[in-house]
Amino acid sequence: MDRVEITKTYKIYIGGAFPRTESGRYYTPKRGEKALGNICLSSRKDVRNAVVAARGVHNKWAGKSAANRSQILYRIAEMLEGRKQQFIEELILQGSTKSQAVKEVIASVDRLIYYAGWCDKFAQVFSSVNPVASAHFNFTAPEPMGVVSIVCKEESGLLGIVSAIAPVLAGGNTCVLLASEQRPLCAITFAEVLNSSDVPGGVVNILTGKRTELIEHMASHMDVNGFLYCGTDKKDINTVQQLAVENLKRVTIRAFEGLMNDDHNTPYYIDDFIEMKTTWHPIEKIGATGSAY
Amino acid sequence: MDLVIFVEQQAFMGKSKAPQIPDFRLSPRIDQVGVGDRISRITTRSIKSSSKLQGLKMILNMIDLTTLEGADTQGKVSQLCNKAKFLHGSNPDLPTVAAVCVYPNFVSQAKKALLGTNINVASVATAFPAGQSSLDVKISDTKLAVDNGADEVDMVISRGRFHQGEYNYVFDEIAAVKEACGSARLKVILETGELGALDKVRRASDIAIYAGADFIKTSTGKISPAATLPVTCVMLEAIRDYFYESGTMIGMKPAGGISNSKLALQYLMLVKETLGDAWLSNQWFRYGASSLANDVLMQIEKQRTGNYQSKDYFSKD
C-alpha cells in the first residue's frame with residue numbers, strides 16, 4: 001500500500017512558540033501548478049503580539065554579554081549547517097536550481113559566522129574617545145536601538161532573511177520579521193533552527209502573509225524603534241517612510257542586490273541599528289601630585 | 001428582570017424588610033463547574049470599536065490607582081496623585097480615576113494633593129496585608145487613616161479565624177471597624193487566594209456584607225492568585241442575593257492581577273450581566289490596580305490614532 005505523505009504545517013513564530021495566525025486565515029503560494037503549502041496569512045494582531053514578545057525579551061538580549069551573543073549567532077550557523085539538506089530541498093521546491101540552492105545555504109551559514117565574529121568587536125570600532133574643551137572625559141559608545149521591524153527581500157527565501165537579521169541581532173536588537181510572500185517556506189524552517197539555537201524566545205519573531213496588509217502596521221507601531229526594508233518597491237518604501245515619522249523610527253532601505261556577494265559582509269549593517277551614546281564624565285584630580293585622569 | 005425594578009416592586013408590595021443575620025454555615029454552596037462555564041462564555045466574547053472605547057473610559061473612571069509597597073516614599077505618592085489627576089496629557093477628554101489607594105501614613109499627603117478634585121483617597125488599614133493583629137491595633141490603624149482624611153478604608157478580614165470557623169469573630173471585627181470608619185466607606189478584603197474553595201468565598205462574602213461592608217474586595221494584591229473572574233462572579237452573586245433580600249446595594253472591587261484592558265472589559269461584562277446597569281459606576285464598582293491604567297490609556301490612544309502604542313509615551317504610575 002502506498003504511504004500517505006505527511007506534509008508539514010507551516011505556522012508563524014512568535015515569542016519562541018509556533019502559533020497559528022490569530023486571524024485563522026491562510027494562503028497557498030504556488031510554484032507553477034504545484035502548491036507550496038498552506039501558509040499563515042498573518043494579521044495586524046499577530047504583528048502586535050510579535051512586538052510585545054520582542055519588547056519583552058529586549059532587555060534580556062541586549063543585556064547578554066557580547067561574547068555570549070557571538071556564541072549564539074555561531075550556534076545558529078551550526079544548526080543551519082546540520083539541516084542544510086532540508087533547506088536545499090525547500091529552495092528547489094520554491095524555484096531555485098540545485099546549484100543555486102546549495103550556494104545560497106552555504107552563503108547563509110557563512111554570513112552568520114561572519115556576523116557572529118563581529119558581535120564583540122563592532123563596539124570597539126564604532127566607539128570613540130572625544131577631545132573636548134572642558135574638564136571632561138568624553139566618550140561615545142554604541143547601544144542597541146530596540147525592536148526592529150524587518151521586511152525581507154521577496155526574491156530570496158533564506159539568504160535574504162539571514163542577511164537581514166544577523167547584523168540586527170549582533171547589535172543587540174530584537175526583531176519582528178515579515179518573510180517573503182511567495183517564498184515563505186525557508187522562513188518558518190529557519191524559525192525551527194532559531195528555536196533550537198539558544199536564541200531566547202521573542203528575539204526573532206517571524207510572520208508570513210501579505211505585505212500590503214502588514215507593512216503599514218509594522219511601520220506605524222509606536223513600540224518599534226527601527227525599520228529595515230529589503231527591496232526596491234517604491235510604493236512600499238514610501239509607506240514605510242511616511243508612517244515611521246510618527247515616533248521617528250530609523251528607517252534603512254537595502255536593495256540587497258547580489259546577496260551572495262561579500263559586499264554584504266560589512267559591520268556598517270550593524271551600525272545602521274545601533275544608537276550612539278555620548279557620556280561626559282567629569283575629570284577629578286587624583287592626589288596632590290598633579291596627575292589627572 | 002432588572003434587579004432594581006424587582007426590588008422596587010417588592011418594596012411596593014410591602015415585602016422589603018431589614019434582613020435577618022443568617023447562619024453563615026448555611027451560605028449557598030457554589031457549583032464550581034457552573035461558574036467556570038459561565039466565565040468561559042464571557043472570556044470568549046469580544047467588544048469592539050465604539051462600545052470598547054466607552055467601556056475603556058468607564059474602566060479608567062473605576063480604577064483605584066494603587067501603591068502599597070514597603071518602599072513607598074512621599075515622592076512616589078505625589079507622583080501617583082499627579083497621575084490620578086492628569087492621566088495622559090495629550091488627551092484632555094479623559095475621565096480621572098476613582099481614587100488613589102495608599103498606606104495610612106500617606107493619606108494626609110494624598111488628600112492635600114487631590115484637594116479640589118473629585119478623586120477619593122482610599123487607605124488600607126487593619127494590619128494590612130496579613131491582618132494578624134489585635135482588634136485594638138486594627139481599630140487604631142483604621143482611626144489613623146480616617147483621622148488623616150481617608151474617604152474610603154480597605155480592611156482585611158482575619159483569614160485564620162475564618163478557617164477556624166470563628167465566623168462570629170470575623171463578623172464582629174468587621175462591624176467594629178465599620179463603626180470606627182464613621183462616614184468613610186468600608187471595603188472588606190476577603191483575600192480569596194487564601195480562602196480556598198468558592199464555597200468559602202461565598203461564605204466570607206456573606207459575612208462581610210451582613211457585618212456592614214460597603215464594598216467587598218477580592219484581594220490585597222500581595223497573594224497569588226489575586227482577583228479572578230470566577231471568584232468575582234461568586235462575590236457578585238452574593239451581592240445580588242443580598243440586594244434581593246434587603247434592597248441595599250453593595251459595591252464590588254476586584255484587585256490584583258488585572259493588568260490589561262481585555263481582562264478589565266470582561267469584568268465589566270460580568271458585572272453588567274450579574275447585577276445590571278445600576279452597578280456600572282465607580283460608586284459601586286472599582287478596580288484595584290497599578291498598571292491597568294496605562295494599558296487602558298494605550299488602548300484608548302490606539303482607538304484614537306490608529307497606531308499601536310508604546311509605554312515609552314505614557315507616564316509611569
Side-chain angles (χ1 to χ4, degrees), chain A residues 14-15 21-24 42-59 62 143-149 173-176 178 202 205 207 213-227 239-251 275 277, chain B residues 40-53 55-57 59-60 83 86-94 224 257-266 269 289-317:
Chain A
I14 297 177
T21 164
E22 71 75 45
S23 67
S42 305
S43 67
R44 66 184 170 87
K45 289 192 179 175
D46 294 312
V47 173
R48 175 196 64 186
N49 294 347
V51 173
V52 169
R55 173 60 63 195
V57 76
H58 178 257
N59 281 346
E143 297 207 332
M145 198 172 264
V147 176
V148 179
S149 287
N173 303 289
T174 58
C175 63
V176 175
L178 177 59
N205 302 278
L207 306 177
E213 280 181 5
L214 298 177
I215 278 191
E216 178 195 338
H217 300 289
M218 293 171 76
S220 67
H221 199 306
M222 298 291 280
D223 212 15
V224 171
N225 308 99
F227 201 111
T239 307
V240 169
Q241 285 176 330
Q242 280 189 16
L243 291 171
V245 168
E246 192 64 34
N247 68 338
L248 304 179
K249 278 181 202 67
R250 272 68 76 194
V251 178
E275 308 261 9
K277 182 166 87 178
Chain B
S40 73
R41 273 179 280 150
I42 293 230
T43 51
T44 46
R45 271 189 267 170
S46 85
I47 292 185
K48 299 288 183 201
S49 62
S50 63
S51 7
K52 179 175 176 185
L53 191 60
L56 291 172
K57 286 189 174 169
I59 290 166
L60 269 189
K83 171 90 182 177
F86 310 107
L87 279 168
H88 189 52
S90 63
N91 188 353
D93 297 336
L94 296 172
S224 184
I258 308 169
S259 57
N260 71 62
S261 313
K262 194 174 176 186
L263 184 56
L265 282 167
Q266 289 165 354
M269 282 188 256
S290 51
S291 55
L292 175 62
N294 269 359
D295 192 72
V296 175
L297 288 171
M298 281 165 67
Q299 294 292 326
I300 290 176
E301 284 299 282
K302 160 73 176 72
Q303 296 280 325
R304 196 169 70 94
T305 63
N307 297 343
Y308 286 116
Q309 298 296 308
S310 161
K311 65 175 185 301
D312 290 352
Y313 303 96
F314 294 83
S315 62
K316 283 185 181 164
D317 47 16

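We name chains A, B, ... by the order of the sequence lines, and we start the count at 1 in each one. In what follows, every heavy atom counts, from backbone to side chain, and hydrogens, waters and symmetry copies are set aside.
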Looking at residues at least two apart in the chain, or sitting in another chain, which of them share a side chain to side chain donor-acceptor pair (under 3.5 Å) with A:E143?
-> A:K277
Among residues 217-225 of chain A, which residues come closer than 4.5 Å to chain B, judged by heavy atom distances?
-> A:S220, A:H221, A:M222, A:D223
For A:V251, the side chain to side chain contact (heavy atoms under 4.5 Å, CB included) test, sequence neighbours excluded, returns A:F227, A:V240, A:Q241, A:A244, A:I253
Count the heavy-atom pairs under 4.5 Å between each of A:R48, A:E216, A:E246 and chain B, then report the option with the highest count.
-> A:R48
Part of residues 299-308 of chain B lying next to chain A, heavy-atom separation under 4.5 Å = B:K302, B:N307, B:Y308
